[in-house]
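Take a look at the structure set out below.
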2 protein chains.
Amino acid sequence: MARSPNDSRRPLTLRDVSEASGVSEMTVSRVLRNRGDVSEATREKVLEAARTLGYVPNKIAGALASQRVNLVGVIIPSLSNLVFPEVLSGISTELEDTGLQPVVGVTDYSPEKEETVLYEMLSWRPSGVIIAGLEHTATARAMLQNAGVPVVEIMDVDGEGVDSVVGISHRRAGLQMAQAITAAGYRKIGFLGTKMPEDHRARKRLEGFSEGLAQAGIVLHDTEFYSGGSALLKGREMTGAMLTRSPDIDFLYYSNDMIGAGGLLYCLEKGFDVPGRLGLAGFNGVELLEGLPRRLATMDACRREIGRKAAEIVARQSGTASAESEVVELQPVLQFGDTIRKP
Amino acid sequence: MARSPNDSRRPLTLRDVSEASGVSEMTVSRVLRNRGDVSEATREKVLEAARTLGYVPNKIAGALASQRVNLVGVIIPSLSNLVFPEVLSGISTELEDTGLQPVVGVTDYSPEKEETVLYEMLSWRPSGVIIAGLEHTATARAMLQNAGVPVVEIMDVDGEGVDSVVGISHRRAGLQMAQAITAAGYRKIGFLGTKMPEDHRARKRLEGFSEGLAQAGIVLHDTEFYSGGSALLKGREMTGAMLTRSPDIDFLYYSNDMIGAGGLLYCLEKGFDVPGRLGLAGFNGVELLEGLPRRLATMDACRREIGRKAAEIVARQSGTASAESEVVELQPVLQFGDTIRKP
DNA sequence: GATCATTCCGTTAGCGATAACATAGGGATG
DNA sequence: CATCCCTATGTTATCGCTAACGGAATGATC
């Protein structure tokens with residue numbers, strides 16, 4: 001059976017409903033949008049007609065006529081990172097009853113693709129844009145600036161935003177972790193993370209981390225980087241590699257929880273004394289960690305909260321002609337778990 | 001600094017570019033869409049003008065005029081399930097150079113929300129719809145039927161589709177797993193999974209599984225269901241609960257890999273003999289499993305492939321007035337891993 | 001019963017782009 | 001040099017809907 005646009009071949013329009021119910025198109029439009037005064041009797045008649053015809057309004061035409069689009073563009077690097085779906089979930093929740101709807105674009109961590117995706121989004125004239133990170137191509141920045149709608153850059157506050165910004169300081173997060181680690185007496189410290197030509201937040205964490213170590217007169221002992229593949233497996237492999245290369249290391253700082261979890265599993269299997277002989281910490285505070293044999297030390301990145309707050313700003317500002325930019329810095333909380341020894 | 005739509009307050013239109021470059025709007029439109037003959041000289045002039053103005057075309061107007069929208073609606077139950085981002089990734093890849101773009105809607109496993117999301121999507125008149133599952137409300141089915149565009153229902157082939165269908169048979173998957181398990185000599189078998197008022201695919205797997213057991217004269221020994229929370233943790237907890245309640249059980253079949261992984265970690269910690277005394281299996285074949293201490297038996301759900309194929313069908317059929325419905329059944333492969341003993 | 005406010009619904013004019021057709025210039029052709 | 005034919009551009013008429021205004025009933029008010 002082939003598709004049939006309601007028997008005839010022509011898609012339904014307001015006019016069809018109007019004719020079927022014996023009132024003007026305008027009145028139908030009013031009924032369907034719940035706007036303006038319409039008598040209960042005609043309202044019923046129109047709804048009835050729309051329902052039996054199976055009419056679905058054409059938002060394209062509606063948006064063009066009203067100069068209003070109930071969409072919010074959300075641009076993120078990836079969907080498989082676990083972190084971003086959570087941010088999205090925060091956004092959706094907050095937008096739920098504002099009449100706004102998120103539309104997602106994925107950049108795969110590529111600045112060029114980000115530019116393309118942004119262009120594509122803006123061409124639909126959304127009511128606002130939420131975009132991950134503060135680093136964009138010059139063109140992308142210009143587009144954001146000229147978009148004429150609220151823009152919220154999320155995840156990161158270490159840098160200059162175009163309009164509003166909601167996130168945490170990754171530098172400070174790294175620094176804080178370094179302080180906790182050195183306070184706990186660890187001295188030979190290794191870092192494991194993604195190759196970071198484009199992962200600016202991981203880079204900033206590492207910078208902050210190094211700075212924190214420096215405060216205690218310590219220099220990073222060893223580093224290991226990966227890209228692609230199963231993060232859990234990579235964590236395992238990298239940990240093995242690093243401990244083989246530098247057996248005297250006493251702490252491993254992972255740039256995300258997934259590879260941290262892999263490392264933890266590896267260490268437990270090998271029977272290392274965690275956290276006595278070897279401490280471990282990750283980053284993000286993902287739910288996954290709760291099921292591990294031991295709770296990995298980590299830092300909550302406030303993902304849902306970032307989503308909520310960003311969405312709230314967009315919802316509040318959209319509609320207003322122009323509004324003040326806001327900068328919201330959230331405070332991630334260090335969770336010691338069971339993989340950092342108590343000082 | 002507040003947002004400024006390119007200095008003035010009025011958003012740019014084709015007319016602005018037209019005036020800036022001294023040609024008609026039509027010619028500008030032609031240049032920007034690479035359509036029709038335009039001399040190299042004017043093409044340059046127009047592009048230059050568009051670039052310096054920072055013009056972004058208005059797709060709303062374009063879509064209305066051309067009756068064409070380069071969007072494909074993709075409706076899935078969740079983004080945090082790991083499975084769906086992978087399907088999406090398959091879709092994106094396949095759509096990459098067709099000029100089509102996926103737009104995602106999430107239903108949270110609620111049929112009502114599915115209906116709403118679908119309505120919303122259709123009101124943008126997409127070129128096609130890809131939707132997870134075969135079970136929809138009557139209204140939703142009607143909308144799909146009348147949409148007048150290609151519809152592909154994905155993930156599942158056990159049932160009647162509206163138009164095209166791409167997926168695997170979950171009944172058969174369950175059945176096949178049951179056969180493998182009984183062939184390996186396991187007899188007292190437990191099932192652990194989500195509460196499934198709405199998870200039809202998990203339900204079908206369980207049905208097929210029970211049927212497979214019945215073929216060997218076996219009845220499911222015990223079951224345990226959960227909802228919400230960290231799947232890894234739940235897997236752990238449910239496994240503990242079941243083994244306490246039914247200590248003589250010798251196989252645990254999990255409805256997804258994540259809870260399976262939790263169960264596996266639990267069993268290893270407790271020092272159970274896996275797969276000798278106790279066998280384990282999950283479902284999906286997620287990448288995560290590669291990093292576990294032992295490879296969990298599972299069945300690949302062909303997620304990327306489903307996405308690709310569905311997108312391919314939509315891409316091929318969109319534009320055509322009406323086309324034949326296709327049904328594609330993919331074959332999941334049983335991966336024994338290290339948690340089923342060799343027969 | 002004239003005036004006026006309400007309530008309800010219709011009319012008109014776009015929104016910003018594109019499809020389809022029209023047309024102005026050259027060459028080429030005989 | 002008249003005709004035809006391209007190529008490169010402009011004109012006109014929508015696309016389906018909504019904003020803004022208009023106006024006919026109805027009832028209230030003095």
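Computed from a predicted structure; not experimentally measured. Reminder, nothing fancy here: chain letters follow the sequence lines and each chain counts from 1.
Between B/Thr27 and D/dT9 there is no side-chain N or O to OP1 or OP2 distance below 4.0 Å. Residue B/Tyr55 has a polar side-chain atom (N or O) positioned under 4.0 Å from OP1 or OP2 of C/dA17. In this structure, B/Arg30 does not reach the C/dA20 phosphate: none of its side-chain N or O atoms is under 4.0 Å from OP1 or OP2. OP1 and OP2 of C/dT18 both lie 4.0 Å or more from every side-chain N or O belonging to B/Ser66. Phosphate proximity of C/dT18 to B/Arg68: absent, as no side-chain N or O sits under 4.0 Å from OP1 or OP2. Within the 4.0 Å cut-off from OP1 or OP2 of C/dG16, not a single side-chain nitrogen or oxygen of B/Arg15 is found. In terms of phosphate contacts, A/Ser39 brings no side-chain nitrogen or oxygen within less than 4.0 Å of OP1 or OP2 of C/dT7. Between B/Arg33 and C/dA19 there is a side-chain polar atom (N or O) within less than 4.0 angstrom of OP1 or OP2. For C/dG16, one of the phosphate oxygens OP1 or OP2 lies less than 4.0 angstrom from a side-chain nitrogen or oxygen of A/Gln67.
Atom pair A/Asp16:CG and D/dC17:C1' shows a separation of 13 Å (rounding to whole Å applied). B/Arg43 has its CZ atom 15 Å from the P atom of D/dT7, to the nearest Å. Summarising the geometry, the separation between CH2 on A/Trp124 and P on C/dA17 is reported as 13 Å, rounded to the nearest angstrom. Between the P atom of C/dA17 and the CG atom of B/Asn70 lies a distance of 16 Å, rounded to the nearest Å. What separates CZ of B/Arg35 from C1' of D/dT7 is a distance of 19 Å, to the nearest Å. The CG-P distance, from A/Asn58 to D/dG16, rounds to 7 Å in whole Å. Counting to the nearest Å, the C1' atom of C/dT11 and the CD atom of A/Glu25 are 11 Å from each other. Rounded to whole Å, atom C1' of C/dG16 lies 9 Å from atom CZ of A/Arg125.
Checked against C/dC8, D/dA8, C/dT11, the side chain of A/Asp37 finds its nearest nucleotide in C/dC8. The B/Met26 side chain lies nearest to D/dG10 when the options are D/dG10, D/dT9, C/dG16. Of the candidate nucleotides D/dG16, C/dG16, C/dC9, C/dC9 has the atom nearest to the side chain of A/Thr42.
With salt bridges taken as basic N to acidic carboxylate O contacts below 4.0 Å, none links A/Lys309 and A/Glu94. Salt bridge annotation for B/Glu312-B/Arg308: absent, with no cationic side-chain nitrogen under 4.0 angstrom from a carboxylate oxygen.
Between the side chains of B/Thr137 and B/Glu115, at least one donor N or O sits under 3.5 Å from an acceptor N or O. Side-chain contact annotation: A/Arg33 with A/Ser29, donor-acceptor N/O pair under 3.5 Å present. Residues A/Tyr55 and B/Asn146 have side chains that never bring a donor and an acceptor to within less than 3.5 angstrom of each other.
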